[in-house]
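Right, one structure below, let's go through it.
Only heavy atoms go into these numbers, but all of them, side chains included; no hydrogens, no water, no symmetry mates. Quantities reported herein were computed from a predicted structural model and do not represent experimental measurements.
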Amino acid sequence: MLHDILVKRKSILDQFRKGLTTLDLLREIEKNPDMFEKSFVHQGEVSCELVASSLEFPATEDANALRVFQMLQNFVKSCTKEDLDDFLKFVTGVTSSAKDVLPHHISVSCVDTNSIFSSTCLLELKLPAHFATYAEFEANMRAVIKGSSFTKG
């Protein structure tokens with residue numbers, strides 16, 4: 001599965017690179033990366049509202065899932081800068097400053113599990129659908145995101 005994901009994304013990037021080369025734009029980008037950076041990298045500070053707006057929830061009528069989605073929105077909107085960086089590192093796997101590569105979409109779903117899971121390749125966050133209170137949800141989220149440390153080997 002991982003191979004399929006990487007191959008699909010690599011082929012799209014290869015086609016994009018070939019298109020830029022055809023237009024002779026790639027050479028200009030390589031000569032002046034600072035000039036083109038704003039076209040490819042998020043500019044400015046990452047805010048709680050910006051991250052909350054990047055969360056995508058599936059359409060559902062499940063009351064438990066809707067409650068968990070609301071808990072996640074509240075959690076993200078009340079994060080400190082450090083918590084927000086930890087959350088983005090957990091979801092995206094980014095080891096450098098998360099503000100440089102804020103994803104446009106983070107897919108969130110509720111599943112029948114006891115664990116909080118993220119797929120950094122697919123930018124998916126899977127949450128259990130059975131939190132009794134917001135305090136329980138917050139404690140679990142903080143434990144997971146604080147425990148996510150990605151290091152380059």
Side-chain angles (χ1 to χ4, degrees), residues 1-17 20 29 33-153:
M1 183 171 117
L2 180 62
H3 181 263
D4 289 339
I5 293 167
L6 293 176
V7 169
K8 287 178 186 175
R9 293 193 182 201
K10 183 183 180 317
S11 65
I12 291 170
L13 290 173
D14 288 344
Q15 288 174 357
F16 182 63
R17 183 176 177 87
L20 291 175
I29 292 172
D34 292 339
M35 187 169 79
F36 291 91
E37 180 180 25
K38 64 183 173 203
S39 300
F40 298 97
V41 178
H42 174 73
Q43 302 295 308
E45 289 294 316
V46 172
S47 67
C48 296
E49 292 77 22
L50 187 60
V51 173
S53 70
S54 72
L55 301 174
E56 288 188 347
F57 304 99
T60 182
E61 294 182 13
D62 181 10
N64 286 333
L66 292 172
R67 196 167 51 81
V68 171
F69 295 158
Q70 185 61 46
M71 288 180 187
L72 178 62
Q73 287 277 6
N74 291 339
F75 175 79
V76 169
K77 288 180 180 178
S78 66
C79 279
T80 64
K81 174 153 179 29
E82 293 78 25
D83 290 339
L84 204 55
D85 283 345
D86 289 341
F87 176 76
L88 288 171
K89 285 177 187 174
F90 176 70
V91 175
T92 66
V94 174
T95 57
S96 63
S97 175
K99 70 181 179 184
D100 293 337
V101 289
L102 180 67
H104 296 283
H105 308 268
I106 299 171
S107 299
V108 181
S109 60
C110 279
V111 293
D112 188 26
T113 184
N114 292 327
S115 302
I116 296 172
F117 171 79
S118 78
S119 170
T120 57
C121 291
L122 299 174
L123 297 174
E124 289 182 347
L125 178 62
K126 295 182 185 245
L127 302 168
H130 56 75
F131 290 104
T133 64
Y134 177 75
E136 179 186 349
F137 175 84
E138 182 180 25
N140 279 279
M141 280 301 294
R142 288 192 189 285
V144 169
I145 66 174
K146 290 293 183 196
S148 66
S149 61
F150 297 94
T151 57
K152 289 186 177 181

Exercise: identify the closest heavy-atom pair between [X] and [Y]:
| X | Y | answer |
| --- | --- | --- |
| Ile116 | Pro128 | CG1-CD, 3.7 Å |
| Phe87 | Ile145 | CA-CG2, 3.9 Å |
| Asn64 | Ala129 | CB-O, 3.3 Å |
| Leu84 | Cys48 | CD2-N, 3.7 Å |
| Ala65 | Cys110 | CA-SG, 3.7 Å |

Atom pair [atom1]/[atom2] of [X] and [Y] - distance to nearest 0.5 Å:
| X | Y | atom1 | atom2 | value |
| --- | --- | --- | --- | --- |
| Leu72 | Gln70 | CG | CD | 9.5 Å |
| Leu123 | Leu88 | CG | CG | 10.0 Å |
| Met141 | Asp83 | CE | CG | 10.0 Å |
| Ser109 | Leu127 | OG | CG | 7.0 Å |
| Thr133 | Met71 | OG1 | CE | 6.5 Å |
| Arg142 | Cys79 | CZ | SG | 6.0 Å |

Ile12 side chain near Phe16 side chain, heavy-atom distance below 4.5 Å: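 No, their side chains stay 4.5 Å or more apart.
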
Aromatic ring pairing Phe137/Phe131, orientation class (parallel under 30°, perpendicular over 60°, tilted between):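 Perpendicular.
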
Heavy-atom donor-acceptor pair, His130 side chain to Asp112 backbone, under 3.5 Å: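 A pair under 3.5 Å: no.
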
Exam field: side chain Ser118 to backbone Phe90, donor-acceptor pair closer than 3.5 Å: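 Indeed, once roles are kept as given, a pair shorter than 3.5 Å links the two residues.
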
Carboxylate-amine/guanidinium proximity below 4.0 Å for Asp85 and Lys89: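 The answer is no: the pair does not qualify as a salt bridge.
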
Sidechain N-carboxylate O distance under 4.0 Å for Arg67, Asp62: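 Salt bridge: no.
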
